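Each remark here refers to the structure printed beneath this line.
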Amino acid sequence: MKKRITLLLQREEVLTELKSYTNVLIGSFILSIAYVIFIIPHNIVPGGILGLSIVINKLTGMSIGVVALLINIPLLLWGTKVLGGKTGVKTAFSMVLVSFYIDIFSKILGDKIFVEDVLVSCLFGGVIVGFSVFMVMKAGATTGGNDILVRILATKIKLPFSQLILIVDGVIIFLGIFVFKDFTMAAYSIVAIIAISKTIGYYIKKSTTHMTVFVFSKKNLLIQEAFLNYQEYTNTILKLIHHDSQGKLILITRNAKQLEAIKSVVYSVDANANISALESNTESI
């Protein structure tokens, strides 16, 4: 039985990694489309490395994707220790995809303006970019070097992370004003940044909802032992395991999407177990 549970958990880990890379692929694709359709045509500079790349593109004529990649590569090499191995690889994957997609779609679509109203374009673009960034973040990566740059700066400058992001984005927007000679662009850029950050915040809050799982089985002690014996895998799934006096096993998941992994372990021990699940408040656990 131990071998079977190990294989189940290893299979779940492999599937999770495949899903994460798929999310990076799709998220990078959506982000690039949003920039090419909603952001770039109106010369909006929504901070970050891509915002800086839009400014440099105006100054030099170099493609936005190439500029972004040239800036991101040294930042990624510099910040690998900060990110860690897995995150670093996924971030590099996302960086290359975003740069490639932006340049390809820019050539295909040209300078065509799809949404005439700049404010609407900012809002739509911001929401879509925010969602795509969340997809990439959820997969354990980042979409570019801005996060890395801010993390590096945080080790040198004693300011909160959120304030450093605002400072970096503010500097990039100021450069945009100087290059495009358009103060209105700054206002629209701020609107886009707010839309992006609010969307990311919304989806992060939504995705971190935990589940309280109640397991009713005559083999609850064996099920609990199965989870405890394979903490190398289950620690990424479970936050808390509790076996109450009434013979009910209570599991708290780290993420609502991990419910299927929990069910597979439970049913591998007892195929007749009954499982009920409820959303739980992450702050109270």
Side-chain angles (χ1 to χ4, degrees), residues 1-28 30 82-91 93-94 131-142 199-285:
M1 187 179 72
K2 286 185 177 181
K3 188 176 180 181
R4 186 183 172 192
I5 292 172
T6 303
L7 288 171
L8 279 169
L9 292 171
Q10 286 177 338
R11 179 174 174 271
E12 192 65 33
E13 190 177 38
V14 170
L15 288 174
T16 300
E17 278 299 294
L18 287 173
K19 276 184 185 177
S20 71
Y21 274 97
T22 303
N23 283 338
V24 171
L25 182 69
I26 296 170
S28 300
I30 295 171
V82 178
L83 291 172
K86 278 188 177 180
T87 303
V89 171
K90 289 178 185 175
T91 297
F93 183 51
S94 177
F131 173 72
S132 61
V133 168
F134 164 75
M135 281 188 71
V136 175
M137 288 173 62
K138 187 69 177 169
T142 68
T199 303
I200 293 171
Y202 169 77
Y203 281 107
I204 285 176
K205 185 177 179 182
K206 190 175 178 181
S207 71
T208 52
T209 301
H210 291 30
M211 299 292 287
T212 301
V213 182
F214 301 99
V215 180
F216 301 90
S217 168
K218 293 179 181 179
K219 300 179 180 179
N220 273 347
L221 288 174
L222 288 174
I223 293 169
Q224 183 176 355
E225 185 182 347
F227 281 111
L228 293 174
N229 284 343
Y230 298 94
Q231 289 183 353
E232 178 185 352
Y233 303 106
T234 58
N235 276 348
T236 62
I237 298 171
L238 293 176
K239 185 173 182 179
L240 177 68
I241 302 176
H242 175 65
H243 191 257
D244 70 8
S245 57
Q246 298 177 345
K248 179 169 74 257
L249 185 64
I250 303 171
L251 309 171
I252 309 296
T253 69
R254 290 189 180 277
N255 188 303
K257 292 181 180 179
Q258 301 289 359
L259 187 57
E260 290 306 312
I262 288 172
K263 285 182 178 179
S264 66
V265 174
V266 171
Y267 289 138
S268 70
V269 178
D270 183 4
N272 297 315
N274 290 317
I275 300 174
S276 299
L278 297 170
E279 284 189 5
S280 59
N281 188 336
T282 59
E283 299 300 323
S284 63
I285 295 170

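None of these values were measured; they are calculated from a predicted model.
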query: Could you state the interatomic distance from CD1 (Ile200) to CE (Met135), rounded to the nearest 0.5 Å?
result: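 If I round to the nearest 0.5 Å, the distance is 13.0 Å.
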
- request: May I have the step-by-step check of side-chain contact (heavy atoms from CB on, under 4.5 Å) for Tyr203 and Val133, ending in yes or no?
  value: CA-CA 10 Å; Tyr203 281 107; Val133 168; over 6 Å; no

field: Partner set under side-chain hydrogen bond (donor to acceptor under 3.5 Å, both in side chains) for Ser28, not counting sequence neighbours
entry: Ser94

- request: Under the side-chain hydrogen bond (donor to acceptor under 3.5 Å, both in side chains) rule, collect the residues that match up with Thr199, sequence neighbours excluded.
  value: none

field: Leu25: partners by side-chain contact (heavy atoms from CB on, under 4.5 Å), with sequence neighbours left out
entry: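 If we apply the side-chain contact (heavy atoms from CB on, under 4.5 Å) test to Leu25, skipping adjacent residues, the hits are Phe93, Leu97, Tyr101.
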
- request: Please report the closest heavy-atom contact between Val24 and Lys90, naming both atoms and the distance.
  value: CG1-O, 4.0 Å

